[in-house]
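Naming: A, B, ... by sequence-line order, numbering from 1 per chain. Here the structure is a predicted model, which is why all the values come from computation and not from measurement.
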Amino acid sequence: MGAMQILFLLAAAAVLGAAILVVTSRNLVHAALWLIVALFGVAVVYVLLNAGFFAIVQVVIYIGAIAILFIFAVMLTRQIGGKDGGSQNHSTWWVAALLSLLLMVGIVWILSTWQGFATELPALANEKELISELGKSLVSTYLLPFELASVLLVAALIGAIYVSWEKSR
Amino acid sequence: MSFLNDPIGIIGNWLTNLMTGWGLAPGFAQVITMTIGAFVLAMSGLMLVVFTIVMERKLYGRIQDRFGPNRIGPWGLLQTIPDMIKIFTKEYITPAGADKVPYNLAPILSVGGALMVWAVLPFASNIFGTDINVGVLYIVAVGAIGALGIILAGWASNNKYALVGAIRAVSQVVSFEVPMVLALLVPVILARAMGVNSIVDAQSESVWYFLLSPVAALIFFISSQAEVGRAPFDLLEAESEIVSGFQVEYSGLKFGWFFVGEFLHAFTISALMATLFFGGWSGPWVKAFPLLGVFYLLIKSFAVYLIVILMRIALPRLRIDQMLNFNWKFLVPLGLVTVMMTAVIEKAMPLLNVSDTWAPFLRVGAHLLVNLIIIWVVAVILRKTFARREPPVVGQPRPVAVPPPAPAPVESPAAEMP
């Protein structure tokens, strides 16, 4: 077991532990803060995969924007202390558990049939030019998914404007 | 001579060799050397704040027609040290309903967010913390951590004023991140690299990017002011409205830590501005003596920091709707137009088939011209929208009492005398 594997196991343990605390902590702001820890852990995993760009983007978007907006939304709600003491579980929690179990089995099954699952990590061909390679592949090989994601984001923007539009005017 | 050319590298090598000589594994020795380097970098950043605080207080004093600190040390230069000693001895107060862990974490995050930028700042061509190839994005990411510190402070204090300050901070920091990223894209496009050191390299080969894109430089300057939360964007601590905003419940060293964080962040954005738009360490004779770069960078950073301080002293605080309108309706469209025009010019340049001697001049001229046109169009639009109009004339004044005619001048007898 190399140093990389130890680091990966530590990061994965941090992500899982923080994720469990996100869903179990009664205080909503604490849950949002644990979510930030989990997202940091994912950024560490990206670094271990030699994808520094994705690690930074993870921090910019998920921690800098999304988690902060979560906290913002939570701060605007009442009863964030969660001292009512009721059950935190919905009555049909077993459906969610079953679905996520099925999803995990499916992912593991697909990965185990993939040939790259058992091979060693190949060395990167062009380590200095990773970002420009990424940019080029986004507009050549993966053009369709890239454009579809852009259309989705534009649709979300228009939807947000429509929802917040003042109808009286 | 070789020591003067690369002092940090030589000291680092010496330390590593010393530790391997003691029997440590080379990798381990390297990690210890890097840790020491990071510690020295962080401490020099914090020590610099001691003097930027004095500089700011002196300038404040001069502009308000008083002397500023002038008792301790020559010209009052050491005033911050007794202030520090005083703040060390103050009592820590934790409010009764405070959330302990976030409450204590917040000051650390707010200083750490500013200090982490120093990791990618190149002080000279061979003196920098690290040269990651996504440096510019890293700067944006680290800014988010400072914002997180403010939000945590506001929420964990269990105080309504602090919460209002935190909510203002979120709306301000998150929205001003958009024009800041747009403005940062312009040097990235011009240098064709995201690493901070590569951007400075590209500037040392051509000209400062302030000349190529003054609009982007101004957008970055304004939006980074808002990121720091200094006047005129100090709504998040607005003393006269929400006492002190997010830091109202903090005392002693924790309050001082916020103070240090704010000053350090302000100096850091000045250094970033100098690095990204004013050529960083580049200057005359810097190829022969790389150590001169530190001197150039400090001069440029302090020049920008002077403007930052003057703005803070001179300008009144904005209202929150003015701040948000200014961001979303002015800075963001302006940033989008600038980024698009820069990209179009950079792509169109190779199509023109200009000889290699004239191509750099044409490039600078085209960028500058387009930026001036953008500024002119913005000025015309602003004048149409916000010009101060004379009220319409509905009638002439009709005075009831008419002033009497002036008395005829009296012939003075003295005039006739010879």
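- Not less than 6.0 angstrom separates the ring centroid of A/Y142 from the ring centroid of A/F146.
- For a residue to count as touching a neighbouring chain, one of its non-hydrogen atoms must lie under 4.5 Å from one of that chain's; by this rule A/F40 touches chain B with the side chain only.
- Contacts of A/T92 classified as side-chain hydrogen bond (donor to acceptor under 3.5 Å, both in side chains), with partners at least two apart in sequence or in another chain: A/H90.
- Here B/D99 is the residue among B/V140, B/D99, B/L152, B/I145 with the most heavy-atom pairs under 4.5 Å with chain A.
- Considering only heavy-atom pairs separated by less than 4.5 Å from chain A, the leading option among B/V173, B/V101, B/V174, B/I151 is B/I151.
- Using a 4.5 Å cut-off between heavy atoms, A/I61 makes no contact with chain B at all.
- There is a side-chain donor-acceptor pair under 3.5 Å between B/T268 and B/W118.
- Under the 4.5 Å side-chain criterion, counting only non-hydrogen atoms from C-beta, A/L33 is in contact with B/P102.
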Problem set entry | side-chain contact (heavy atoms from CB on, under 4.5 Å) evaluation trace for B/F330 with B/N325 | CA-CA 7 Å; B/F330 182 77; B/N325 276 344; over 6 Å; no
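- Residue contact with chain A, scored on non-hydrogen atoms closer than 4.5 Å, involves the side chain of B/L163 exclusively.
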